[in-house]
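For reference, the structure discussed in these notes is given below.
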Amino acid sequence: MTSRLPPVQTLSPEDIGRFGPDPEAAFRVNLAAVETRIAAACARAGRDRASVRLLPITKTVPAHILRLAHAAGVRPFGENKIQEAVGKRELLQDLPIDWCIVGHLQSNKAKYLARLAREFHALDSAKLAELLDRRLEIEDRVLDVYIQVNTSDEDTKYGLHPDALIPFIETLGQYRRLRPRGLMTLALLNADMEKVRPCFALLRRLRDEAVRLNPALTELSMGMSGDFEEAIEEGSNVVRVGQAIFGKRPTPDGHYWPGLLKS
Ligand SMILES: *Cc1c(COP(=O)(O)O)cnc(C)c1O
């Protein structure tokens, strides 16, 4: 039994500053609070709790802290940058972790994603679909994919234009290794929910259209720490939540979402 214990790493002052003296306990509390809010949002919307999946987003959380998160019941792990996920997987090989990638992927990184990820929440081009399919064939793997749509009309943001979605879906049938699951969006980042909700409502309408073309496209991946309750009320099936579980990130979000750099 003792030989199976993970390597122990003491917390640095920086870890304690960011995650507190007992990160595992803190993550348990945060996870329970998020769970309560998800359940309440489902109840308000008259939805079954089982229709919403929590995808914890672990970007910027170091591997030794992720060990504690895993012990606290956080899973699977969603990362935005493939390089970061590759590094962490290396350090956490002894844990049974499903890795999901939720951000834009440069095509030269397709092979890493094909090796590592179980889900990809940012498919946004035919070129990337083609590359991933070829790489997955080599790895003899399959990948659940969510098509990213730009619902906020910000041209610096990644994702297909809503008008391009249906033609794109029509091409997906040729990729045998991609399992289309649904649509994904990053809503407008705004404290005013009256501006955020229309993004979610649009994705839902697009999903209703998409599912007629491909019955597998049932899922809506939408909602983050600042807006997951509204997203659930608008029909979300997957909420991608980072900071409400792990605390505020030190890196500015513009690093992940180019749309933010402008504003
Ligand atoms: C970081 C990230 C999230 C989570 O954002 P939080 O504010 O930490 O909840 C969700 N989706 C994507 C694509 C992200 O990069």
Side-chain angles (χ1 to χ4, degrees), residues 18-19 23 26-27 29-38 41 52-62 65-66 69 74-86 88 98-106 109 113 117-125 128 143-152 154 156-160 181-193 196 199-200 203 219-232 234 236-261 263:
R18 184 171 168 198
F19 302 104
F27 299 154
V29 169
N30 295 348
L31 198 58
V34 168
E35 177 51 45
T36 301
R37 290 169 60 191
I38 291 174
V52 180
R53 189 158 59 93
L54 170 63
L55 172 51
I57 304 299
T58 54
K59 69 190 187 213
T60 79
V61 181
I65 301 291
L66 282 184
V74 177
R75 63 204 58 173
F77 290 173
E79 291 281 338
N80 182 293
K81 301 247 184 255
I82 189 75
Q83 306 93 303
E84 189 176 334
V86 168
K88 288 177 187 175
D98 284 328
W99 296 93
C100 304
I101 299 295
V102 298
H104 177 76
L105 188 82
Q106 289 168 285
K109 307 268 166 50
L113 190 129
R118 172 206 173 104
E119 294 175 20
F120 177 43
H121 291 237
L123 185 65
D124 60 1
S125 78
L128 187 55
L143 179 69
D144 282 4
V145 293
Y146 292 71
I147 303 162
Q148 184 171 1
V149 182
N150 183 345
T151 54
S152 55
E154 298 163 286
T156 46
K157 227 179 230 172
Y158 295 118
L160 290 172
R181 299 296 317 277
L183 308 183
M184 175 273 201
T185 202
L186 282 167
L188 200 71
L189 277 167
N190 198 298
D192 180 359
M193 287 303 151
V196 174
C199 300
F200 296 146
L203 197 71
E219 303 299 286
L220 287 171
S221 171
M222 57 188 199
M224 313 190 298
S225 292
D227 56 20
F228 69 85
E229 288 148 306
E230 288 80 8
I232 290 170
E234 299 293 337
S236 175
N237 305 103
V238 186
V239 289
R240 309 179 310 267
V241 178
Q243 298 181 92
I245 300 170
F246 297 107
K248 201 172 151 38
R249 269 187 301 277
T251 38
D253 281 338
H255 181 60
Y256 296 93
W257 305 311
L260 280 183
L261 292 174
S263 46

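Please read these numbers as outputs of a predicted model, since none were measured by experiment. One-based numbering, in listed order, for ligands and for the atoms of each.
Two residues are said to be in side-chain contact when any heavy atoms from C-beta on lie closer than 4.5 Å; Leu160 and Asn150 fail this criterion. Considering only heavy atoms from C-beta on, Leu55 comes within 4.5 Å of His121 through its side chain. Counting heavy atoms from C-beta outward, Thr60 and Asn80 have side chains that stay 4.5 Å or more apart.
Listed by number with element, the atoms of ligand 1 under 4.0 angstrom from any heavy atom of Arg249 are 1 (C), 5 (O), 6 (P), 7 (O), 8 (O). Heavy-atom contacts of Val241 reach the following atoms of ligand 1: 9 (O) (cutoff under 4.0 Å). Those atoms of ligand 1 that come under 4.0 Å of a heavy atom in Asn80, given as number and element, are 14 (C), 15 (O). Within the listing of ligand 1, atoms 3 (C), 5 (O), 9 (O), 10 (C), 11 (N) sit less than 4.0 angstrom from a heavy atom of Met224.
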Mind running salt bridge (Lys or Arg N to Asp or Glu O under 4.0 Å) on Lys59 and Glu84 for me, showing each step along the way? CA-CA 8 Å; Lys59 69 190 187 213; Glu84 189 176 334; over 6 Å; no

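Looking at Lys59, Met222, Arg240, it is Lys59 that brings a heavy atom closest to atom 15 (O) of ligand 1.
Ion pairing of Arg37 with Glu229 is present here, as a side-chain N (NZ or NE/NH1/NH2) and a carboxylate O approach within less than 4.0 Å.
Contact annotation for Val102 and ligand 1: heavy atoms of both the backbone and the side chain come within less than 4.0 Å of the ligand.
Between Gly242 and ligand 1, at least one N/O pair is under 3.5 Å apart.
Taking the six-membered ring for Trp, Phe246 and Phe27 have ring centres closer than 6.0 Å.
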